[in-house]
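See structure below.
First listed ligand is number 1; within each ligand, the first listed atom is number 1. Residue numbers run from 1 in the order of the sequence given. Just so it is clear, the model here is predicted, and its values are computed rather than measured.
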Amino acid sequence: IWLEAQANLKHVLTEQTYTTWIEPLKFLGATADTVVLEVPSSFFQKWVTDKYLAMIKEVLSAITSKTYHIEFHVAEAKPELPEPRTEKEPKAKGKEKDKEKEGEKEKEKEKDKKPELVPNLNPKYTFESFVSGPSNQFAYAASQAVANKPASNYNPLFIYGGVGLGKTHLVNAIGNQILAKNPKAKICYYSSEKFMNEMINSLRYKKMDEFRNKFRKMDLLLIDDIQFMAGKEATQEEFFHTFNALYESHKQIVVTSDKFPKDIPGLEERLRSRFEWGLIADIQPPGVETKVAILKKKSDMHAVNLPDDVALFLAEGATSNIRELEGMLIRLEAFASLTGKEITLSMAREVMKDIIVEKTRDISVEMIQKMVADHFRIKLSELKSDKRIKTLVVPRQIAIYICRELTKASYPEIGEKFGGKDHSTIIHSVKKIEKQLAADADLKATVEDIKKRLFT
Ligand code: ADP
Ligand code: MG
């Protein structure tokens with residue numbers, strides 16, 4: 001079952017997510033109700049538990065129609081590097097023994113260099129994959145300006161905004177764009193925590209010079225979430241010197257934070273004032289339109305059809321945190337893919353029922369009737385009548401179908417409100433539209449359009 005589950009997960013997750021988090025899980029066995037997986041580390045376990053456990057369980061229960069517990073075992077720490085190497089290159093061993101010896105020193109050097117030279121940017125975070133809207137336009141434009149002309153006008157660039165609003169995405173986009181233009185550019189992206197941890201390690205192993213030199217060689221330094229340096233005096237001190245060295249040699253620095261510099265408690269005055277030398281750009285929580293645009297973009301990127309009414313439903317139900325919004329989309333996509341059904345509003349309602357506490361925008365049968373009648377430019381009385389002309393029958397069936405989908409009215413209740421039709425007529429209409437929707441794109445667009453307008 002694990003193989004099958006993996007195959008399913010591969011469909012619904014991005015390739016990167018899959019290879020990073022799912023592929024390394026090793027199947028150790030299963031009992032009647034528990035699947036045991038090996039994880040490489042406890043950090044890994046935590047991450048997978050937080051992000052993907054629900055999905056793994058869903059996949060398993062979709063395959064087996066049973067609910068499984070997942071048990072994780074952390075693999076025992078073993079010296080990993082040397083062994084896989086010899087395994088991977090068994091043939092090369094004999095022939096290249098001599099070369100290898102010669103090359104060894106070279107390789108050592110390379111190993112030391114590599115982590116510095118290969119920028120640790122996330123390739124998915126680009127300007128192209130970023131949706132700009134009123135809430136983030138300023139930060140977006142500033143980031144592009146910096147990427148196009150580093151270290152000229154806006155140095156440092158300080159981007160601030162709440163959690164999940166796209167700061168990390170934007171700074172990576174700056175790096176990726178500069179790198180695309182100049183593959184040799186020395187760029188490093190560091191969270192302020194990583195900066196601190198590395199500094200502490202360097203202190204411990206007396207490698208401070210190395211640490212300093214590394215940063216001072218950079219063309220572009222991206223420091224994410226500077227607020228974590230608050231109260232860490234030694235780290236701030238070190239960063240202050242790094243900052244000055246780079247600034248003086250006209251290298252670009254970009255810093256992000258969840259707050260405006262003045263509002264970060266425990267940030268030293270001299271750093272604060274440095275941040276104010278450049279440009280400070282904010283990201284505000286996105287409005288519904290921007291959220292819809294982001295959902296549309298992400299679903300396009302995943303090659304999934306996300307109807308407008310569903311996008312609106314998610315956008316309205318989500319908080320402003322775009323990471324959460326993405327999470328909803330992934331969940332919905334996973335559900336659709338596992339059940340082999342197209343994404344619809346009613347599916348979204350069902351899948352999100354614990355997540356989105358619907359602002360009950362009660363849609364009534366009357367509202368639907370009016371909306372449909374307006375759409376087709378017919379009279380309400382005609383819509384409810386028994387006249388069997390095509391120009392009336394289709395709108396009538398559509399209206400009945402939407403009533404069934406969006407209201408809690410029963411078949412007889414709907415019949416009652418459509419001029420006293422019996423419930424088998426109503427069922428027939430619903431079935432008819434359901435069937436046609438699958439084949440008729442125009443009809444589908446019409447229905448979606450009407451539903452969308454009902455929600456706005
Ligand atoms: P922050 O660093 O501000 O907490 P992130 O940059 O990590 O937020 O963004 C969270 C997620 O939302 C990321 O996956 C990112 O790609 C996505 N995201 C945020 N803003 C946008 C946007 N405007 N367009 C597309 N994706 C976005
Ligand atoms: Mg971030």
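Judged by distance alone, the side chain of Arg274 and the main-chain N or O of Phe243 form no donor-acceptor pair under 3.5 Å. Counting only distance, with no hydrogens or angles, the side chain of Gln236 and the backbone of Glu268 share a donor-acceptor pair below 3.5 Å. The backbone N or O of Ile178 sits nowhere less than 3.5 Å from a side-chain atom of Asn182 that would complete a donor-acceptor pair.
Ion pairing between a basic and an acidic side chain is recognised when a charged N comes within 4.0 Å of a carboxylate O; Glu448 and Lys451 show no such pairing. With respect to the salt-bridge test (charged N to carboxylate O, under 4.0 angstrom), the residues Glu326 and Arg323 do not qualify.
For ligand 1, the 4.0 Å heavy-atom shell contains residues Tyr125, Ser129, Phe130, Val131, Asn136, Gly162, Val163, Gly164, Leu165, Gly166, Lys167, Thr168, His169, Ile294, Lys298, Ile322, Arg323, Glu326.
For the pair Arg349 and Phe313, the cation-pi test (distance below 6.0 Å, angle within 45°) is passed. Note that Arg270 lies in the cation-pi zone of Phe240, set by a 6.0 Å cut-off to the ring centre and a 45° limit from the axis.
Under the rule for a ring pair (Phe, Tyr, Trp, His ring centres under 6.0 Å), the partners of Phe195 that lie at least two apart in sequence or sit in another chain are Phe211, Phe215, Phe239.
Listed by chain and number, the protein atoms of type N/O/S under 2.8 Å from the Mg ion (ligand 2) are Thr168 OG1; waters are omitted.
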Anything under 3.5 Å between a donor and an acceptor, one on a side chain of residues 136-145, the other on a protein residue two or more places apart or in another chain? List them.
residue, atom, partner, partner atom, Å
Asn136, OD1, Gly133, N, 2.8
Asn136, ND2, Val131, O, 3.1
Ser143, OG, Ala139, O, 2.7

